[in-house]
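Quick note: numbers below take in every heavy atom, side chains included, and nothing from hydrogens, waters or symmetry partners. Each ligand, and each atom within it, is numbered from 1 in the order the structure gives.
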Amino acid sequence: MHEILLGKSVEEIKSLLAGLTEKIPSYMAGQIAQWIYKKHAVSFDEMTNISVANREILKENFSLGLVAPSVSRLSKDGTEKFLFDNVETVLIPSKDRLTLCISSQAGCKMNCTFCATGKMGFSRQLSVAEILNQYAFLARDNNITNIVFMGMGEPLDNIFAVMEAIRALTAEWGFALSPRRITVSTIGMLPALCRLIEDTECHIAISLHNAFHTQRLALMPVEKTFNIEEIVELLKNYDWAHQRKLSFEYIMLGGLNDSLLHAKTLWKMVRDLPCHINLIPYNANGTDDFVRSSNSAVEAFCNFLTEKGVSCTVRSSRGEDIEAACGLLATTH
Ligand code: SAH
């Protein structure tokens, strides 16, 4: 097996070079990192300031870890979906940004009742390189401004690889993106959530969906282990009033969580937290009996929160015609 370089720091590449039998000068580690992270090279042959002989040694011992997507589908709204070895990645253009929605696992273990990824079950954890490859490859031809960990999988259920990927995305030696351009969305697995908040500066989005414990439990089995009250209590220990943003995602499910009583309970739960609420109209995925809330219910819910002083918007659904919208990512079909 060739050691994969994508995700490795200059220092780590240096020690890999030092371990080779045929020596390559250690300063070349910096050049290699430049090619990978700054010039978006996808092969050793692009590394023209490294001699052909040294490139051959590199090829014999390492792989860059960069793999092209196999299928790409383009929605009529400009959203594009890519398939990387059973993993889906979505590129979403909007007025002033180009957002990349990346996956952290192939499939998911969480089994949320409304989500297509949950329905396909869990296939495997993505490696650091597989997570980064989704950005690295697509950043070659696209001026990506934001990254959201909102694709397949639960990022905190693959915390090690996700933290390493964020390190390479934000490090000076790496892709050098501001952590304020990255949002990690999670159902809120507690110990890992603490680590994510303390060891990164990324924005955090929590999939809340129902402020009543028993009702959330019926939608999301994870509520049994990490309940939403505890998650919100933990979030109160951190600073969300300045640069870093906290948001809650709330799928609007007709007749299930969209009443004014639900809005009021949600408001009571989050009123002491500087945060934003993102209402997501439910996207039907053909495998369950949920329905999307009516526009008037969504509007009333949103107005209630806004009047209480909670910032709230309705997320516009993108890429529905190519199964790229929230909750539709699944690769079994
Ligand atoms: N597992 C993480 C990351 C995925 S983010 C998380 O749940 O936060 C994907 C977002 O889409 C989540 O907020 C998820 O709850 C939401 N979603 C899932 N199924 C959906 C559906 N059918 N319609 C609309 N949103 C959905």
Side-chain angles (χ1 to χ4, degrees), residues 79 81 87-90 92 99-123 125-126 131 134 146-159 161-162 165-166 182-190 192-193 196-197 202-211 215-216 218-223 225-226 228 231 235 246-254 256-258 266 275-293 298 301 313-320 323-330:
T79 302
K81 186 163 85 164
V87 173
E88 297 191 309
T89 306
V90 185
I92 311 158
T99 304
L100 186 71
C101 176
I102 61 181
S103 295
S104 53
Q105 299 180 312
C108 189
K109 293 182 206 158
M110 299 301 131
N111 257 313
C112 298
T113 49
F114 44 76
C115 180
T117 309
K119 298 268 160 32
M120 73 183 269
F122 177 74
S123 306
Q125 297 288 23
L126 296 195
I131 295 174
Q134 300 169 64
N146 296 74
I147 296 179
V148 293
F149 280 80
M150 295 189 186
M152 289 178 157
E154 168 48 47
L156 297 190
D157 188 38
N158 189 10
I159 180 74
V162 166
I166 293 173
I182 302 175
T183 302
V184 181
S185 176
T186 171
I187 54 171
M189 300 174 79
L190 278 179
L193 181 59
L196 179 75
I197 297 175
C202 300
H203 300 308
I204 306 287
I206 305 285
S207 288
L208 197 154
H209 309 323
N210 204 313
Q215 293 183 22
R216 189 173 191 261
L219 295 171
M220 305 170 71
V222 72
E223 172 73 7
T225 322
F226 303 113
I228 192 63
I231 296 169
L235 293 168
L246 171 66
S247 57
F248 292 99
E249 291 153 294
Y250 195 99
I251 304 178
M252 296 296 285
L253 300 162
L256 275 184
N257 66 355
D258 60 350
L266 175 60
C275 67
H276 178 82
I277 308 274
N278 235 315
L279 301 178
I280 317 175
Y282 169 69
N283 290 311
N285 50 47
T287 49
D288 49 44
D289 343 297
F290 300 111
V291 289
R292 183 180 280 201
S293 298
V298 175
F301 201 99
T313 45
V314 182
R315 182 182 288 171
S316 61
S317 187
R318 304 292 305 272
E320 264 178 281
E323 285 90 39
C326 297
L328 300 189
L329 299 183

query: Got a salt bridge between Arg292 and Glu320, using NZ or NE/NH1/NH2 to carboxylate O under 4.0 Å?
result: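 Salt bridge: yes.
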Glu154 and Lys109 ion-paired at < 4.0 Å: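 No.
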field: Heavy-atom side-chain proximity of Ser104 to Leu126 below 4.5 angstrom
entry: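 A side-chain contact under 4.5 Å is absent here.
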Thr225 and Leu190, any side-chain heavy atoms less than 4.5 Å apart: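 A side-chain contact is absent here, since even the closest heavy-atom pair is not under 4.5 Å.
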Taking only non-hydrogen atoms of [X], do any sit less than 4.0 angstrom from ligand 1?
| X | result |
| --- | --- |
| Gly151 | yes |
| Gly153 | yes |
| His209 | yes |

How far does [atom1] of [X] sit from [atom2] of [Y], to the nearest 0.5 angstrom?
| X | Y | atom1 | atom2 | result |
| --- | --- | --- | --- | --- |
| Ile251 | Tyr282 | CD1 | OH | 8.5 Å |
| Ser185 | Met150 | OG | CE | 4.5 Å |
| Ile280 | His209 | CD1 | NE2 | 6.0 Å |
| Gln125 | Ile131 | CD | CD1 | 8.5 Å |

- prompt: Can you tell me which residue and heavy atom of the protein come closest to atom 19 (N) of ligand 1, and the distance to 0.1 Å?
  reply: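 Checked against all protein heavy atoms, atom 19 (N) of ligand 1 sits closest to Gly327 CA, 3.0 Å.
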task: Look at atom 17 (N) of ligand 1 and say which protein heavy atom is nearest, naming residue and atom and giving the distance to 0.1 Å.
output: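 I find the closest protein heavy atom is Ile251 CD1, 3.5 Å.
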Counting both backbone and side chain atoms, is some N or O of [X] under 3.5 Å from an N or O of ligand 1?
| X | result |
| --- | --- |
| Arg315 | no |
| Leu328 | no |
| Tyr282 | no |

message: I want to know whether His276 and Phe248 have ring centres closer than 6.0 Å.
response: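 No.
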I'd like to check which ligand 1 atoms, numbered from 1 as shown, lie under 4.0 Å from a non-hydrogen atom of [X].
| X | answer |
| --- | --- |
| Asn285 | 22 (N) |
| Cys326 | 11 (O), 20 (C), 21 (C), 23 (N), 24 (C), 25 (N), 26 (C) |
| Ser207 | 6 (C), 7 (O), 8 (O), 12 (C), 13 (O), 15 (O) |
| Ile280 | 24 (C), 25 (N) |

message: Ring-plane angle category for Phe301 and Tyr250, please: parallel below 30°, perpendicular beyond 60°, tilted otherwise.
response: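 Tilted.
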For ligand 1, does [X] get within less than 4.0 Å through its side chain, its backbone, both, or neither, judged by non-hydrogen atoms?
| X | answer |
| --- | --- |
| Glu249 | side chain |
| Asn283 | both |
| Thr186 | backbone |

Option nearest atom 5 (S) of ligand 1 (shortest heavy-atom distance, choices Glu154, Met252, Met150):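 Among Glu154, Met252, Met150, the closest heavy atom to atom 5 (S) of ligand 1 belongs to Met150.
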